[in-house]
Number of protein chains: 2
Amino acid sequence: MNVRDAAERSGLPSKTVRYYDEIGLVVPDRRGNGYRDYDDRAVQKLAFLKRARQLGFSIEDCRHLLSLYEDKDRASADVKALAEAHLKEINVRLAELEHLRDTLKHLIHACHGDNRPDCPILADLSGKE
Amino acid sequence: MNVRDAAERSGLPSKTVRYYDEIGLVVPDRRGNGYRDYDDRAVQKLAFLKRARQLGFSIEDCRHLLSLYEDKDRASADVKALAEAHLKEINVRLAELEHLRDTLKHLIHACHGDNRPDCPILADLSGKE
DNA sequence: CTTGAGCTTACAGTTACTAGAACCTTTATG
DNA sequence: CATAAAGGTTCTAGTAACTGTAAGCTCAAG
């Protein structure tokens, strides 16, 4: 099937599907006219990628996951290790983001928000600590 | 003072300080030999930027904040609105990240992680739902 | 046969830097 | 005074993961 159909079935934009071909993630066959030709297996891989990307795995992680996915004899320990490393990163990002939110919340609360030029947000940003 | 000193005092890498000059965020004077020459005011602005970037404001937000910071007659309502919009984005990101973490946690827990090729993480990624 | 949709490639732009190369200036030392 | 190290300059390219745009080829329908 053509790229558009593969894109629709996998839920990705066609631009992205072409991009995944370009970087060698999912390389389709080509027809006589040069058009990409995706089969069901390729569409499955694209859908797999969409899900993995949504879960925040990087493209390189995805490449790895895809090869494990392809490999019937892969060890699930490999996959688990990858997922665990990823979870760790997510927890770090979460903590940072929460801290950031608290700081911002505090600043917004302290800011009167009227037309007086005195503003605690700017005061904090300028390093009043 | 030279770029290195300005960088050290503001807590930014000198590369970044030069970059901020290039994009017109903090443009220092130049000496006869072409060297950048930062004064205390410029260093203050750099430090301001560091803090604002740490809080997750984009460069364009920072440009806006900087002009408000410079403007003695700015309305703190403007700053507050910017901060509130930013907080909203952060909350969205937080919710997404939390959801992601829960999914991943669940998957890792369900994965036995030994050498058997059967792996629930890959099963989920392939769209078993 | 023409029109329009859909395919192709290639190149630029996005964000916020970072790395490296080639070259110039200043400062410290023998 | 010569020189070498340290630090300054600009420029280009690379990063992640696409997205947008343009020029041009192919195909299906009327």
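In what follows, every chain begins at residue 1, and chains take the letters A, B, ... in the order their sequences are listed.
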Could I get the full list of salt bridge (Lys or Arg N to Asp or Glu O under 4.0 Å) partners for [X], not counting sequence neighbours?
X	answer
A/D37	A/R31
A/D102	none
A/R4	none
A/D40	A/R9

Within the sub-3.5 Å range, which N or O atoms of nucleotides 24-29 of chain D have a protein N or O partner, and how far apart are they?
| unit_1 | atom_1 | unit_2 | atom_2 | d |
| --- | --- | --- | --- | --- |
| D/dC27 | OP1 | A/N33 | ND2 | 3.0 |

_Using side-chain heavy atoms (C-beta onward) and a distance below 4.5 Å, is B/E98 in contact with A/E98?_
yes

Atom-pair distance ([atom1] on [X]; [atom2] on [N]), nearest Å:
X	N	atom1	atom2	answer
A/N2	C/dT8	CG	P	7 Å
B/R18	D/dG8	CZ	P	6 Å
A/L46	D/dC18	CG	P	12 Å
B/Q54	C/dA16	CD	P	15 Å

*When the C1' atoms of the five terminal pairs at each end define the local axes, what inter-axis angle does the helix from C/dC1-D/dG30 to C/dG30-D/dC1 show, to 10 degrees?*
30°

*Are B/V3 and B/Y35 connected in the hydrophobic side-chain network, where two residues link if heavy atoms are under 4.5 Å apart?*
no

_Taking side chain to side chain contact (heavy atoms under 4.5 Å, CB included) as the definition, give me every residue that meets it alongside A/H106, ordered by chain and number, with sequence neighbours left out._
none

*Taking only residues at least two apart or on different chains, which pairs with a member in residues 81-91 of chain B satisfy side chain to side chain donor-acceptor pair (under 3.5 Å)?*
none

*Can you name the side chain to side chain donor-acceptor pair (under 3.5 Å) partners of A/K50, sequence neighbours left out?*
none

_Please compare A/T16 and B/R36 by the position of their nearest nucleotide in DNA chain D and report the one closer to 5'._
B/R36

*For DNA chain D, whose closest nucleotide is more 5', that of A/P13 or that of B/S14?*
B/S14

*Remember a base hit wins even if backbone is also touched, and classify A/R30 as base, sugar-phosphate or nothing at under 4.0 Å, heavy atoms.*
sugar-phosphate

Output one line per pair: protein atom, nucleotide atom from nucleotides 10-12 of chain C, and distance, for all N/O pairs under 3.5 Å.
| unit_1 | atom_1 | unit_2 | atom_2 | d |
| --- | --- | --- | --- | --- |
| C/dA10 | N6 | A/K15 | NZ | 3.3 |

Any protein N or O atoms within reach of nucleotides 14-16 of chain D? Criterion: under 3.5 Å, listing atom names and distances.
none

_Shortest non-hydrogen contact between A/C62 and A/A52, atoms and distance_ = SG-CB, 3.8 Å

*Hey, does the side chain of A/Y20 come within less than 4.0 Å of D/dC18's phosphate (OP1/OP2), counting only N and O?*
yes

Taking only distance into account, with no hydrogens and no angle test, what donor-acceptor pairs under 3.5 Å do side-chain atoms of residues 14-28 of chain A form with protein atoms, sequence neighbours excluded?
| unit_1 | atom_1 | unit_2 | atom_2 | d |
| --- | --- | --- | --- | --- |
| A/D21 | OD2 | A/R30 | NH2 | 3.2 |
| A/D21 | OD2 | A/R36 | NE | 2.8 |

